[in-house]
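Every value quoted in this text rests on a predicted model; they were computed, and no experiment measured them.
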Amino acid sequence: MRRGGGYRDGGEAETEAGCEDAEGRATSSGTAWSNAGDDADDEDEESLSRAAEGPWYLAQHDLFSQVPELRDDIIVPDYCYWEADEDGGDTPSPSSSRSASPAPARDDVSISAWFGPGGTVSPLHTDPRDNLFAQVMGRKYVRLYAPTETERVYPHEEEMLRNSSRVDAENPDLEAFPLFAEADYEDCIVEPGDLLFIPKGWWHYVRSLEVSFSVSFWYG
């Protein structure tokens with residue numbers, strides 16, 4: 001994992017991965033997931049056209065409910081069952097499954113799949129719960145901003161969109177969003193077998209470098 005002192009364009013990560021800039025944005029069920037700015041209403045037609053052309057992205061999808069057989073291949077990480085003691089230490093939750101066999105999903109663990117080609121993007125946003133992000137196949141570039149950087153990543157002002165940034169993380173308009181150049185971040189490339197912890201409230205941006213499959217475990 002690398003630390004970014006202010007804005008860096010991500011070109012180094014692309015060179016390491018041999019990946020070109022993505023023109024597509026993440027889509028789920030045919031709906032474009034793009035980080036449109038204040039002119040979103042004026043860009044609806046363009047966004048829909050881009051979504052129709054692809055690349056298509058099965059994003060944050062409840063795949064395992066639709067295909068229960070796949071659920072047998074998924075084990076909820078033990079980390080999801082550990083809770084903090086009052087003194088700050090860690091203890092296993094009483095409901096923890098401490099076996100290597102596939103365990104049924106707990107009520108407070110939500111599991112979603114992410115599947116798509118290289119170039120699909122999850123724009124800069126936050127989640128309301130902790131996320132254990134498991135990379136199963138392929139590689140993804142991930143960038144993380146701490147909650148202390150919120151002012152510098154320019155969240156949308158609308159209540160429904162406050163967890164989404166108005167900035168295109170790898171191609172920012174620094175004239176419109178000058179403070180973004182000062183935002184500090186960590187970044188890395190996740191590979192098959194990696195498990196990345198994304199704390200709730202942390203801003204994160206994800207771009208697939210090749211055909212990939214990932215699983216998110218939201219909990220807490």
Side-chain angles (χ1 to χ4, degrees), residues 1-26 33-38 40 57 59-60 77 79 112 114 116 118-136 138-158 160-210 212 214-220:
M1 179 174 285
R2 303 175 302 167
R3 183 174 182 81
Y7 167 67
R8 186 170 67 250
D9 65 6
E12 181 179 345
E14 291 171 5
T15 300
E16 292 173 352
C19 178
E20 298 179 352
D21 288 341
E23 294 181 359
R25 287 296 182 263
W33 183 6
S34 62
N35 62 328
D38 293 333
Y57 192 17
Q60 195 173 334
Y79 297 111
S112 292
W114 308 78
T120 51
V121 168
S122 295
L124 192 60
H125 68 286
T126 67
D127 294 327
R129 308 176 71 194
D130 291 331
N131 179 11
L132 280 173
F133 185 80
Q135 189 65 14
V136 180
R139 297 170 301 156
K140 287 184 173 179
Y141 171 72
V142 183
R143 187 181 292 188
L144 298 165
Y145 295 82
T148 53
E149 304 299 315
T150 295
E151 180 182 358
R152 298 181 179 91
V153 301
Y154 295 88
H156 281 278
E157 297 180 357
E158 299 88 342
M160 291 286 291
L161 299 174
R162 285 183 185 271
N163 73 321
S164 298
S165 169
R166 290 180 285 161
V167 183
D168 184 339
E170 291 193 274
N171 298 284
D173 181 347
L174 296 181
E175 290 188 6
F177 310 111
L179 292 179
F180 189 73
E182 304 172 10
D184 198 13
Y185 64 86
E186 306 274 358
D187 66 352
C188 65
I189 293 177
V190 292
E191 300 182 344
D194 287 345
L195 187 66
L196 178 65
F197 175 59
I198 304 176
K200 62 182 179 181
W202 277 62
W203 296 88
H204 50 287
Y205 166 91
V206 184
R207 174 169 54 83
S208 59
L209 303 177
E210 55 199 14
S212 65
S214 315
V215 180
S216 282
F217 301 88
W218 284 286
Y219 67 100

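Atom NE2 of H156 is separated from atom NE2 of H125 by 12.5 Å, given to the nearest 0.5 angstrom. In this structure, the separation between CG on D130 and CD1 on I198 is 10.0 Å, given to the nearest 0.5 Å. Separation of atoms CG (N131) and CG (L196) is listed at 8.0 Å; rounding is to 0.5 Å. Summarising the geometry, atom CZ belonging to R207 is positioned 12.0 Å from atom OG belonging to S122; distances are rounded to the nearest 0.5 Å. Taking CH2 of W202 as the start and CD of E149 as the end, the distance is 9.0 Å to the nearest 0.5 Å.
What you find for K140 and S214 is that their closest heavy atoms are NZ-OG, 3.0 Å. Taking every heavy atom of both residues into account, P155 and T150 meet most closely at CD-O, 3.3 Å. The shortest heavy-atom contact between E210 and G138 is OE2-CA, 3.3 Å. Closest approach of F217 to A134, counting heavy atoms only: CE1-CB, 4.1 Å.
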Quiz item: After noting the C-alpha distance and the side-chain angles of S212 and Q135, does the key distance pass the side-chain contact (heavy atoms from CB on, under 4.5 Å) rule?
Solution: CA-CA 8 Å; S212 65; Q135 189 65 14; 3.5 Å; yes
Self-check item: Working for side-chain contact (heavy atoms from CB on, under 4.5 Å), residues V142 and D187
Solution: CA-CA 6 Å; V142 183; D187 66 352; over 6 Å; no
Practice problem: Report the C-alpha separation of S216 and W114 in whole Å, then their side-chain angles, then the decisive distance to 0.1 Å, and conclude whether the side-chain contact (heavy atoms from CB on, under 4.5 Å) test is met. | Solution: CA-CA 8 Å; S216 282; W114 308 78; 3.0 Å; yes
Quiz item: Does the side-chain contact (heavy atoms from CB on, under 4.5 Å) test come out yes or no for V153 and V167, once each step is laid out?
Solution: CA-CA 7 Å; V153 301; V167 183; 5.6 Å; no
Practice problem: Applying side-chain hydrogen bond (donor to acceptor under 3.5 Å, both in side chains), run through S165 and W203 and close with a yes or a no. | Solution: CA-CA 8 Å; S165 169; W203 296 88; over 6 Å; no
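Ring geometry, Y219 versus F197: the interplanar angle falls from 30° to 60°, so the pair is classed tilted.
Judged purely by atom type and a 3.5 angstrom limit, N163 uses its side chain to pair as donor or acceptor with the backbone of T126. In terms of modelled atom types and a separation under 3.5 Å, the side chain of D194 and the main chain of E191 share a donor-acceptor contact.
When only modelled atom types and interatomic distance are considered, R143 and Y141 share a side-chain donor-acceptor pair under 3.5 Å. A donor atom on one side chain and an acceptor atom on the other are found under 3.5 Å apart for Y205 and E170. Side-chain atoms of S208 and T120 include a donor-acceptor pair closer than 3.5 Å. Side-chain contact of W218 with D127: a donor-acceptor pair under 3.5 Å is present, judged by distance alone.
The shortest side-chain heavy-atom distance between S164 and L124 does not fall under the 4.5 Å cut-off. Using a 4.5 Å cut-off on side-chain heavy atoms (C-beta onward), H204 and Y145 make no contact.
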Show which side-chain atoms of residues 173-180 pair as donor or acceptor with protein atoms under 3.5 Å away, not counting sequence neighbours.
| from | atom 1 | to | atom 2 | distance (Å) |
| --- | --- | --- | --- | --- |
| D173 | OD1 | E175 | N | 3.1 |
| D173 | OD1 | A176 | N | 3.2 |

